[in-house]
Amino acid sequence: MSDNKFLYTKAYYKIRDLILKNPEENVFVIRGGQGASKTISILELLIKSLCKKPKEASVVSSELSKMKRTVIRDYVKVCKDWNVFRSDNDWNRSESKHEYFNGSYLDFLGADVNDIGKGFRRDILYINEADKMDIDTAVQFISRAGLTLIDYNPDKLFWGDDYINENNFITLTFEDNEYLSQSEVKAILDYKQKGFYDPSLPYEFLFKDENIKSKYWANKWRVYGLGQVGSIDGVVFENWEIGKFNPNGLQTSCGLDFGFSVDPDALTEVAIDKKHKRIYLKELIYRKGLLMGDLAALVHAKAPGKLVIADSAESRLIDDLKAKGINIKAAKKGRIEDGVMRMQDYHIIIDPDSKNIIREFETYIYSDKTSKLYIDANNHAIDGIRYNVMYHLDNPNKGNYSLK
C-alpha cells in the first residue's frame, strides 16, 4: 500500500489520536462543521486499519443512493490513490463491496434498502451522517460492532449525543482541513459576517441577542463554521419542549395519520389546554406496514374508547376502522398553513418517550417560509396532530376540552 498521493489533514490526526489514546472506548463520536474533512479522514483510517490486519468493516448510512454519490466515491478515490485495489475483482461496484488482498472485507449498506440489523456483526462500524438514521436502527448496528465511529453535522441534538463522554468525542471545523479550497473557506466565513453586527467578538459575547444581525446566518456559523449544535435551518415549530404528558384533568383524544407502504401509521394522544394555551402530546403508534386489522387492534389496545380524528380524505380507511369498533371521526383537511398556525399559537409539550414525534418536530422544515410552503417529510405524526387540533379548535363544542 502506498499513500504518498494523499495528504492527511489535521482532522485525520485528531481522530486517530482520539482513538489511540482511549483504547477502552468502543464508540467514538466525531462532530464536524462544513469542510472539516471528517468523512475522508475516517475513511483513510478505515482503509489503513483494514490493510494492516484482516478485519470485517461496514459503512452504513440512512440512504445508500446518497452514499454512492459522496462517501463511496471518496472511498474509491483514496483506494486508487493508495494502490489498495490489487485487481479488478477487489471492488464489487454493483454491491458496493471491497474484498481486500489480505482477507479484510468492507461493505457499504443503506438502512433504506438493505435488510440489516439482527445478526449483523463487524469488527469496525462507521455510521455516516448518523443524525439522519433513526435510533432503533443505529442501536442494532452499534450493539454488534467491536468499534463504532459516528459522524454528523450538528444541526440539532440527536441520539448520538447520548453516547458522548469526555474520552470519545471530538469537534472538528473547517480550520482542521488545511487543504480546503479558499473559495469554500470564504463562503464559510461569510456566514459569520452576515450573522453578526460585530463578528470579531469572542464566542461568549458573539451570540448575544443584541449582536445577532440575522438568526439564520448566525445559526449557520454556529453549526457549519464552529461545529456547535444549532437549530436546523427553516424549522417550522420552535414553540415546543420535552416534558411529562400531564394533561391536568383535560380530556384527551387522538390524531391519526394513515401510512402506506413506506410511511408509518402514526397515532398521537392529544390534550389541548385552551385556557393556558398548551398542547400535550404522547406517541402511541408509529409503525410501518400495518394491515387494517393490525392497526385497529393496536388502537383498541393503546387508546381504548378514545375519540380518534383522522384525515377526511381517507374515508374508506375511516369506515374500515369504524366497522372494527374504533371511535373515529373525520376532520376537514383544510390548508396545511391554517393548521400549522393554530399549532404555532400554542406552547407544545411532548412526552420524552415520544421519540418519533420529537424527531419530527426537530426536522419538519419550510421549503419556502415566506410562501408558507412545507417539505412533505418528517410530518406523519404532525399531520395527525394537526387534524386533531383543527377539529377541536374549529368545533369547540365537539369534545369536552374544558378543564374539569
Side-chain angles (χ1 to χ4, degrees), residues 111-113 115 134 136-137 236-237 245 247 250-272 279-340 342-343 348 350-351 353-361 363-364 374-401:
D112 56 334
V113 296
D115 183 16
D134 68 82
D136 292 333
T137 303
V236 174
F237 294 105
F245 184 77
L250 294 167
Q251 291 183 1
T252 68
S253 62
C254 298
L256 173 63
D257 185 55
F258 293 106
F260 297 95
S261 58
V262 296
D263 293 331
D265 292 297
L267 183 74
T268 304
E269 188 171 3
V270 181
I272 304 174
I279 297 174
Y280 296 88
L281 303 175
K282 184 176 182 179
E283 181 179 314
L284 300 181
I285 300 171
Y286 200 95
R287 287 178 58 180
K288 297 179 183 178
L290 291 174
L291 300 175
M292 195 53 58
D294 298 328
L295 177 59
L298 278 173
V299 175
H300 278 303
K302 300 285 187 178
K306 288 194 178 295
L307 174 64
V308 176
I309 308 300
D311 180 6
S312 60
E314 303 294 344
S315 57
R316 181 183 62 81
L317 300 179
I318 290 173
D319 289 342
D320 284 349
L321 288 180
K322 193 176 294 184
K324 291 177 171 59
I326 303 298
N327 180 19
I328 187 168
K329 293 185 179 181
K332 290 183 179 180
K333 196 165 186 176
R335 297 192 307 167
I336 295 175
E337 176 187 350
D338 294 335
V340 167
R342 288 295 189 95
M343 292 171 64
I348 298 171
I350 306 174
D351 184 82
D353 291 330
S354 303
K355 303 300 184 184
N356 293 295
I357 297 178
I358 291 169
R359 177 181 54 79
E360 286 194 7
F361 271 78
T363 57
Y364 185 42
Y374 311 89
I375 293 179
D376 188 22
N378 305 316
N379 59 345
H380 309 296
I382 287 173
D383 281 348
I385 295 162
R386 178 166 54 84
Y387 304 147
N388 184 290
V389 169
M390 290 295 286
Y391 178 88
H392 287 288
L393 294 186
D394 285 350
N395 302 279
N397 296 320
K398 291 187 177 182
N400 179 14
Y401 268 67

Using 0.5 Å steps for rounding, measure from the [atom1] atom of [X] to the [atom2] atom of [Y].
{"X": "D351", "Y": "L284", "atom1": "CG", "atom2": "CG", "result": "9.5 Å"}
{"X": "I318", "Y": "D311", "atom1": "CD1", "atom2": "CG", "result": "7.0 Å"}
{"X": "I358", "Y": "D353", "atom1": "CD1", "atom2": "CG", "result": "8.0 Å"}
{"X": "R386", "Y": "E337", "atom1": "CZ", "atom2": "CD", "result": "11.5 Å"}
{"X": "L281", "Y": "I272", "atom1": "CG", "atom2": "CD1", "result": "9.0 Å"}
{"X": "I279", "Y": "I348", "atom1": "CD1", "atom2": "CD1", "result": "5.0 Å"}

Tell me, do [X] and [Y] make a side-chain contact under 4.5 Å, heavy atoms counted?
{"X": "L290", "Y": "I285", "value": "yes"}
{"X": "T252", "Y": "Y280", "value": "no"}
{"X": "R287", "Y": "D265", "value": "no"}
{"X": "V299", "Y": "L295", "value": "yes"}
{"X": "K355", "Y": "D136", "value": "no"}
{"X": "I385", "Y": "E360", "value": "no"}

Problem set entry | Under the ring-ring contact (aromatic ring centres under 6.0 Å, His included) test, residues paired with F361 that sit two or more places apart |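 Testing F361 for ring-ring contact (aromatic ring centres under 6.0 Å, His included), a comparison that skips the adjacent residues, returns F237, W240.
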For this session: Please say whether more than 12 non-hydrogen atoms of neighbouring residues, nucleotides or ligands are located less than 6.0 Å from NZ in K302.
Result: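 Not more than 12 within 6.0 Å, no.
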For this session: For D338, enumerate each residue passing the salt bridge (Lys or Arg N to Asp or Glu O under 4.0 Å) test, keeping only those at least two apart in sequence or located in another chain.
Result: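 By the salt bridge (Lys or Arg N to Asp or Glu O under 4.0 Å) rule, D338 matches R335.
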Exercise. Taking only residues two or more places apart in sequence, or in another chain, which ones meet D134 in a salt bridge (Lys or Arg N to Asp or Glu O under 4.0 Å)?
Worked result: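 D134: no salt bridge (Lys or Arg N to Asp or Glu O under 4.0 Å) contacts found.
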Exercise. L256 pairs by side-chain contact (heavy atoms from CB on, under 4.5 Å) with which of D383, I326, N388, V308?
Worked result: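 Single pass found, and it is V308.
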For this session: Give a yes or no on whether the backbone of N356 and the side-chain of E283 come within a donor-acceptor separation of less than 3.5 Å.
Result: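 Pair found, side chain donor or acceptor close to backbone of N356.
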Please report the closest heavy-atom contact between [X] and [Y], naming both atoms and the distance.
{"X": "Y364", "Y": "A377", "value": "CD1-O, 3.5 Å"}
{"X": "A310", "Y": "Y387", "value": "C-CD1, 4.0 Å"}
{"X": "H300", "Y": "K324", "value": "NE2-O, 2.8 Å"}
{"X": "G305", "Y": "N327", "value": "O-ND2, 3.8 Å"}
{"X": "N379", "Y": "I375", "value": "ND2-O, 4.4 Å"}
{"X": "V270", "Y": "G255", "value": "CG2-N, 4.3 Å"}

Exercise. Are R316 and D320 within salt-bridge range, i.e. N to O under 4.0 Å?
Worked result: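 Salt bridge between R316 and D320, a charged N being under 4.0 Å from a carboxylate O: yes.
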